[in-house]
Structures are given as C-alpha cells and as structure tokens.
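Read through the structure below, which is laid out as structure tokens, and then see the notes.
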Number of protein chains: 2
Amino acid sequence: MNLKQLSAHLGLSQTTVSRALNGYPEVSETTRKRVMEAADKHNYRPNTRAKGLATGRAMAIGHVIPLSAQHEMMNPVFADFIAGAGESYSEAGYDMLLSLVADADQERAYREMAAKRNVDGLVVHAAKMRDARILLLQNTGLPFAVHGRASEITTPYNWLDVNNKSAFERATNFLLDLGHRRICLVNGQESMDFAHRRRKGYEAALAARGVEIDPALMFADEMTEIYGYDTVQRTRSLADPPTAYLASSIITAFGVRRAIEESGLKMGRDISVITHDDDLSYMRNGADVPVFTATRSSVREAGGGPGQPPGFQNQNPRAPPQTEPFLAEVTVGRPTRPPPHTVV
Amino acid sequence: MNLKQLSAHLGLSQTTVSRALNGYPEVSETTRKRVMEAADKHNYRPNTRAKGLATGRAMAIGHVIPLSAQHEMMNPVFADFIAGAGESYSEAGYDMLLSLVADADQERAYREMAAKRNVDGLVVHAAKMRDARILLLQNTGLPFAVHGRASEITTPYNWLDVNNKSAFERATNFLLDLGHRRICLVNGQESMDFAHRRRKGYEAALAARGVEIDPALMFADEMTEIYGYDTVQRTRSLADPPTAYLASSIITAFGVRRAIEESGLKMGRDISVITHDDDLSYMRNGADVPVFTATRSSVREAGGGPGQPPGFQNQNPRAPPQTEPFLAEVTVGRPTRPPPHTVV
DNA sequence: CCAAATTCCCAAAGCGCTTTGGCTGCCAGT
DNA sequence: ACTGGCAGCCAAAGCGCTTTGGGAATTTGG
C-alpha cells in the first residue's frame with residue numbers, strides 16, 4: 001500500500017493524506033482521524049527511500065567500525081556501545097547503518113558515505129591519537145561524532161569519552177595508597193587514544209608519589225584474554241615482580257586472574273588487580289560482590305546517552321561541537337589488598 | 001555533485017552518464033571512459049535514496065537483534081556474526097541495517113520494516129524453538145534468513161546453523177570415552193533452539209551408553225561468565241558431583257574454569273571441561289595450545305560465509321529455501337582427562 | 001548506391017513521497 | 001451586501017536516479 005493507493009482509497013489527495021499523517025495543521029481533525037485509521041488498518045508506512053528523497057534526510061546514522069588487517073576483530077565494546085545507540089535511535093525513528101571497513105579502505109569509505117548520502121551522520125569508533133578519519137570527515141562536511149577522542153587533533157569536533165586519564169590516575173592512587181609500588185599496567189594498544197590517556201593517568205599518579213615509572217611494567221596490546229594471561233606470566237619472572245595489575249579491560253583482567261590463580265597465587269591476597277570495566281552486558285563484574293575492583297563506565301549507556309541520535313542534537317551546523325565526558329566511577333571489589341608483607 | 005550536474009559538466013545526457021557508469025552496452029567505450037574519469041574526479045556516487053527509489057531495491061540487509069526486557073544484553077555472538085556479515089556485504093555493495101528491537105515490539109517492527117521497504121531482506125538472530133518471528137515474516141513477504149533454526153516450525157525457510165545436536169553428542173561421547181559418567185551440561189536458555197538441540201545431543205549420547213540422565217546436572221541460562229561460575233559452585237556440593245562440565249559458550253566456560261580453580265581443583269586434572277567455541281575474536285581459545293577442548297565453529301565465518309548477502313543469493317522467490325549447516329569441529333585441548341581415580 | 005541494421009545518444013516518464021502555491025467555500029466584520 | 005480572512009482541500013513540481021522509447025548518425029549488405 002503506497003500513498004497514492006491510500007489516498008485514492010480515501011477519496012483524498014496525496015497532499016492531504018501526507019499532511020494528515022505528518023501532523024500538519026492544514027487538515028481537519030475529523031479527516032486526520034479518518035486518514036490515520038485507514039493507514040493503520042492497511043499498515044501503511046511511507047516508503048523510506050521516497051521519503052528520504054523528498055525530504056533530503058536519510059533518517060539513519062552510520063557507525064563505522066574499523067577492521068584492521070593485523071588484528072581482525074569485533075571488539076565487544078563496540079557491540080555494547082552500538083546496543084545502547086540502537087535503542088535510542090529506534091526511539092527517535094532513526095535507523096542504524098553499520099559499516100565495517102578495513103583500515104586501508106577508510107578514506108574511500110568515508111568519501112563514499114558522504115557522496116551516497118545514505119546517512120545523515122556518522123559515529124566514529126576507536127579513536128586514535130591522531131585520527132586521520134576525523135580530518136577526513138571534517139572535509140566531507142558530513143556531521144559526525146567520535147566515540148573517544150583524538151588527543152592530537154585540536155580542531156573542534158563532537159566527541160563522547162570516558163575520563164580515562166583521571167580514572168586511571170585514581171586507580172593507580174588507590175593501589176599506591178594500599179602500599180603497592182610495583183604496579184603493572186596492562187593497557188590497550190597505544191595507538192588508541194584511550195590507552196594513551198590511561199597511561200598518562202597511571203604515570204601521573206606514580207610521578208606524584210615519586211614512584212619509579214618502570215617500562216618493564218608497562219604493556220600495551222589488544223585487550224584479549226590471552227594477553228592478560230601472557231602478561232602476568234611474563235612479569236612473574238621479573239627480579240622484582242609487580243604486586244598489583246591495572247588492566248584496561250575486564251576481558252584482559254580475566255586473563256590476568258587466570259594466570260595468577262594458575263600460578264598458585266591468590267588474587268586479592270597475594271596480588272591486587274584493578275581493571276577498567278566497560279560494564280559489558282556479557283561480562284559483568286560480579287553482581288553482588290564485584291569480582292574486580294574497577295573503574296567503571298557503562299559503554300552501553302554511553303552509546304544511548306548522548307541524545308538521539310548522539311552528537312547530532314543540534315541541527316545548527318554552526319553550533320559549537322558537543323563534547324561529553326562520561327565519568328568512570330570506582331567500585332571496590334575483592335581483589336585489592338595491600339601487597340603481602342606490608343604493615344598497613 | 002549529482003547526476004544532473006555531472007552530465008551537464010560533461011555535455012551529455014543523464015541517461016548516457018547513468019548508463020556509462022552502470023556498464024550498459026549502449027555507450028561507446030571512449031565516452032564511458034570519459035564519464036568514469038569525470039565521476040572519479042568529482043567523487044560522484046549516485047544518491048542511495050534516489051537510486052533505491054528508481055530501482056526499487058534498497059541495497060541493504062537488516063539484522064534484527066532481540067532485546068529482551070528481562071535479560072538486556074548484546075550477545076557477543078551477534079557481534080561476531082555481524083562482523084562476518086558486514087564484510088561480505090560491503091564487498092557486494094550492500095549496506096547493513098541494524099535493528100535492536102525489544103521482544104514486545106517484534107511484531108510492529110517487522111511489519112514496519114516490510115512496509116517501509118528500507119531493506120531488501122532480513123537476517124533473524126537468536127532463533128527460538130517456535131519462533132514467532134518466522135511465521136510473521138513469512139506473512140510479510142519480506143525475504144529473510146535465520147541464524148539458527150526453529151525446530152518446531154515445519155514450513156521451509158532459509159537458515160544457517162551449526163550442527164548443534166551432533167556436536168554435543170560427539171563432545172559427550174568424548175567425555176564418556178574417557179570414562180566420565182557424571183557430566184554436567186551448562187547450557188544456554190532452553191527457549192533458544194540451539195540449546196534445545198545441544199541438550200538433545202547430550203542426552204542421546206548418554207542414553208546410547210545407558211548412563212543416567214540426571215536433571216540435577218543439567219543447567220540452562222544465559223551464557224554469562226558468572227553463570228558458569230555459579231553452576232560449578234552449585235554442583236560441587238552435590239553428593240555425587242560431576243567429573244566433567246560441558247559448556248555451551250566459551251564465556252561460560254571461563255566462569256566454569258574460574259570456579260574450579262578457585263576451589264583448589266585443577267582443570268584438566270581433577271575436572272574435565274569441554275565447551276562449544278564460537279571462535280569469538282576477543283575470546284579465542286588459546287592460540288597454540290587450546291585452553292579448552294571444544295566443539296568449534298566460527299560464528300564470524302558463518303556470518304560472512306553463506307553468500308552475499310546471506311540467504312538471498314537466489315533472486316527467484318520460488319526457489320527452494322537455502323539451508324546451510326555449519327559443521328563444528330572438535331579440537332582437543334588440555335582440560336579433558338579421565339576422571340580422577342580411573343584406570344584408563 | 002540505397003535500404004537496413006547498428007551504434008550512440010537523448011528526452012521524458014516514473015519511482016513514492018513532501019511541499020509549494022494555489023483554489024474554494026464559509027463566516028465574521030462593517 | 002461586500003470584502004477579508006481562514007479553514008480545508010488539491011494539483012503539480014521536485015527530490016536524483018533508472019529506464020523506456022525513440023532518433024540521428026554511421027556502418028553494413030545486397
């Protein structure tokens with residue numbers, strides 16, 4: 001059933017039917033009601049493509065997920081963020097277009113999206129320090145928002161990020177307060193902006209206390225379970241092994257825990273662990289008693305939170321960009337204790 | 001730059017330019033080349049909405065992810081499947097539309113999609129035993145493919161699924177061969193079709209050997225880490241506790257392992273664990289030495305494998321539905337051994 | 001050398017909607 | 001009784017593309 005058929009059926013013009021359905025005032029309430037009932041009865045919905053062509057708006061937001069050749073993977077963080085975003089989009093009547101594009105195709109992909117006009121705006125995931133995509137998008141004129149930040153890019157843009165630096169500074173301080181001095185940072189890849197910020201926070205806390213910043217305790221890689229496991233194994237053999245681990249992802253923290261327990265040590269007794277917790281729906285930190293002490297910030301809420309759709313609230317392109325820091329809160333769980341042989 | 005401008009720029013009609021770009025034979029090779037170069041230079045891409053309106057095809061596939069009210073979550077399995085699908089779509093020039101719809105809105109959502117015509121077809125995730133969505137979609141006439149199966153629905157439809165029953169039958173046999181008799185099934189929710197099939201496989205193997213099927217050893221829930229952990233804790237206190245666990249998800253298996261090791265037992269020595277492994281990119285079973293013995297089937301490959309786009313290869317709506325079973329292979333890792341005190 | 005076929009191009013219709021610019025009829029105001 | 005305003009409707013243009021149905025030049029065949 002299309003508009004033509006519906007209006008013929010009602011003995012009205014397409015104009016009137018369209019206006020009735022879109023809430024315009026030029027149509028009497030009685031006919032509006034009649035129209036709406038008929039539309040409902042025949043399950044009429046305006047054709048998206050036609051509507052989009054007529055209005056110039058796609059009513060869709062694109063999400064671009066980078067797919068690196070070296071580390072092909074679908075980060076669970078994306079999944080949760082997208083779940084959050086998806087919910088708010090559907091409330092707002094927007095569709096979500098998912099684009100997985102290989103690193104090498106980034107430029108082509110963005111130009112194409114801008115030209116094809118199948119989205120009204122983009123959300124860029126996994127921001128890098130000096131993210132070429134941001135500069136690219138600024139040239140295309142396509143509105144966009146970044147999940148994360150690009151520290152080295154100074155021109156303004158919409159972003160939405162966790163307070164990574166201060167969260168990790170606090171977490172590190174938390175461990176320092178407990179008496180730890182050998183704290184191992186199990187971070188994400190440093191090309192990722194969040195990882196860089198987290199390291200800065202970690203280092204700032206150590207520096208403020210005059211604790212040595214030991215490169216042998218700082219790791220950066222993709223945040224898999226295995227990576228956490230391997231990192232612990234590698235560091236146990238150090239002359240002066242860490243008494244605490246600070247992980248960037250709960251998945252990695254699971255690996256950290258596995259290695260610790262496998263080596264006969266007890267997490268929370270012999271070794272403390274703090275992790276950043278994105279509050280992933282399938283990876284919840286223990287419900288009642290948190291398994292990990294954590295800096296927590298729900299990435300899912302971030303996806304849904306910033307408005308509908310995120311970053312595109314202001315229709316006015318001249319408006320200043322929106323920036324939204326999400327604050328990570330610290331939840332204290334079991335596995336943090338003073339280091340062994342310490343009198344607190 | 002749109003078609004009109006481009007053709008004016010070239011001094012050609014829109015017809016000719018359109019045909020040149022779409023590879024029609026009615027245009028000379030020299031002008032085609034000229035057109036393509038100009039299009040390239042001006043970064044021209046046909047407007048998706050206009051093209052869609054003219055051709056009647058959306059060039060997009062929708063993926064519908066259910067969002068239950070009780071258990072709000074974005075399953076990592078979806079994420080990996082979608083990553084796989086996304087890659088093959090972009091090769092085929094299709095967009096991917098993601099729809100997260102709450103259980104209660106399912107009917108409305110599908111009818112709307114069918115009426116709005118913003119997708120050419122749907123992929124339905126998380127198939128249930130008697131999935132109402134399948135019946136619904138069959139009525140709408142919108143092409144669709146199901147990831148999973150709906151055992152109780154007999155009318156034909158496109159699907160793509162793992163050989164869940166035989167995989168779990170084999171896994172159970174594997175444990176039985178090792179001498180295990182008390183095997184705990186840590187399954188997904190039974191409303192999910194895959195969970196049902198897996199239980200059938202488990203039961204079939206036990207029955208074939210005349211081993212008692214003990215309801216106290218059969219669990220079904222959302223496959224979170226915590227669930228695996230809790231299940232082990234619960235079963236350790238049984239009078240005759242299990243000597244082996246058979247998990248439906250590697251995430252749950254991680255929880256199983258945690259509980260085992262936390263209780264001072266050693267996985268692979270005291271207790272055997274087999275898991276189904278969807279080969280999730282962030283949750284790889286150990287790279288060199290598998291951490292778990294597993295029935296493995298990459299859900300990501302499943303997403304990309306079935307064609308481009310999946311399930312919609314045959315343009316002919318009269319063609320028989322496509323069905324594609326993905327075979328899970330068994331990989332033997334450490335944590336399976338004969339039960340303790342057994343002479344093999 | 002002329003008709004027929006072929007090559008290469010174009011104008012215009014149409015996809016299904018929104019939106020502009022009316023037009024008609026009724027009522028209030030004077 | 002006439003004008004102005006307003007409520008309620010409609011015809012038609014236009015969004016940017018594809019596709020139909022030619023039409024003019026060029027080549028081919030007899």
Side-chain angles (χ1 to χ4, degrees), chain A residues 1-36 38-39 42-60 93 95 112-120 142 315, chain B residues 1-36 38-39 42-60 93 95 112-120 142 315:
Chain A
M1 172 73 68
N2 60 24
L3 183 61
K4 193 174 189 172
Q5 294 167 340
L6 181 63
S7 46
H9 178 80
L10 282 162
L12 288 169
S13 75
Q14 299 190 31
T15 308
T16 303
V17 175
S18 170
R19 289 188 152 149
L21 293 172
N22 289 308
Y24 283 82
E26 299 94 332
V27 46
S28 77
E29 279 312 313
T30 56
T31 54
R32 184 193 306 281
K33 197 171 163 222
R34 200 163 66 91
V35 168
M36 297 196 95
H42 295 92
N43 192 40
Y44 169 77
R45 292 283 183 297
N47 179 303
T48 307
R49 297 190 290 273
K51 185 166 187 163
L53 186 57
T55 57
R57 299 197 303 154
M59 290 307 279
D95 288 331
E112 203 166 291
M113 291 196 140
K116 285 168 66 180
R117 311 219 71 86
N118 54 349
V119 293
D120 296 324
L142 192 62
Q315 305 294 352
Chain B
M1 173 74 65
N2 61 24
L3 185 61
K4 195 174 188 174
Q5 294 166 341
L6 182 63
S7 47
H9 176 79
L10 283 162
L12 289 168
S13 74
Q14 298 191 32
T15 309
T16 303
V17 175
S18 170
R19 287 187 155 153
L21 293 172
N22 289 310
Y24 284 82
E26 298 96 333
V27 46
S28 77
E29 279 311 314
T30 58
T31 54
R32 185 195 304 281
K33 199 171 162 221
R34 200 162 68 91
V35 168
M36 295 197 97
H42 295 92
N43 194 40
Y44 168 78
R45 293 283 184 297
N47 180 303
T48 308
R49 300 191 289 273
K51 184 165 188 163
L53 186 56
T55 58
R57 300 197 303 158
M59 290 307 279
D95 288 330
E112 205 166 291
M113 290 196 140
K116 284 168 68 181
R117 311 219 70 85
N118 54 349
V119 293
D120 296 323
L142 192 61
Q315 304 296 353

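A straight line from CG of A:L3 to C1' of D:dC15 spans 15 Å, rounded to a whole angstrom. The separation between B:R57 atom CZ and D:dT19 atom P is 9 Å, rounded to whole Å. To the nearest angstrom, C1' of C:dC15 lies 17 Å from NZ of A:K51. Following rounding to the nearest Å, A:R49 (CZ) and D:dT18 (P) show an atom-to-atom distance of 13 Å. At whole-Å resolution of the value, CG in A:N118 and P in D:dC17 are 13 Å apart. Between the P atom of C:dG14 and the CD atom of B:Q14 lies a distance of 16 Å, rounded to the nearest Å. Rounded to an integer number of Å, the gap from CG of B:L21 to P of C:dC9 is 13 Å. Rounding to whole angstrom units, CE of residue A:M59 and C1' of C:dG16 are separated by 17 Å.
Each of A:T16, A:V17, A:V27, A:T30 was compared with A:V35 under the side chain to side chain contact (heavy atoms under 4.5 Å, CB included) criterion, and only A:V17 meets it.
Distances shorter than 4.0 Å separate none of the side-chain N or O atoms of B:S28 from OP1 or OP2 on C:dT7. Residue B:S18 has no polar side-chain atom (N or O) positioned under 4.0 Å from OP1 or OP2 of D:dC17. For the OP1/OP2 pair of D:dC15 and a distance below 4.0 Å, the side-chain nitrogens and oxygens of B:N2 include no atom meeting the criterion. Residue A:N22 has a polar side-chain atom (N or O) positioned under 4.0 Å from OP1 or OP2 of C:dT18. An OP1 or OP2 oxygen of C:dC10 is reached within less than 4.0 angstrom by a side-chain nitrogen or oxygen of B:S13. In terms of phosphate contacts, A:Y24 brings no side-chain nitrogen or oxygen within less than 4.0 Å of OP1 or OP2 of D:dA7. For the pair B:K4 and D:dG16, the criterion of a side-chain N or O lying under 4.0 Å from OP1 or OP2 is not met. The side chain of B:T55 contributes no N or O atom lying less than 4.0 Å from OP1 or OP2 of C:dC15. Residue A:T16 has no polar side-chain atom (N or O) positioned under 4.0 Å from OP1 or OP2 of D:dG8.
The backbone N or O of B:Y24 lies less than 3.5 Å from no partner atom in the side chain of B:N22, so there is not a single donor-acceptor pair.
Residue contacts for B:R19: at a heavy-atom cut-off of 4.0 Å it reaches a base atom on one of the strands shown.
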Quiz item: Between B:L21 and B:R32, does a side-chain contact (heavy atoms from CB on, under 4.5 Å) hold up when you go through it step by step?
Solution: CA-CA 7 Å; B:L21 293 172; B:R32 185 195 304 281; over 6 Å; no
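Side-chain polar atoms of B:T15 and B:S18 form no donor-acceptor pair below 3.5 angstrom.
Comparing A:P25 and A:T15 along DNA chain D, the residue whose closest nucleotide (by nearest heavy atom) sits nearer the 5' end is A:P25.
When distances run from any side-chain atom of A:A54 to the nucleotides C:dT18, C:dC9, D:dT18, the shortest one goes to C:dT18.
When the shell of 6.0 Å around CZ of A:R45 is examined, it contains more than 12 heavy atoms from other residues, nucleotides or ligands.
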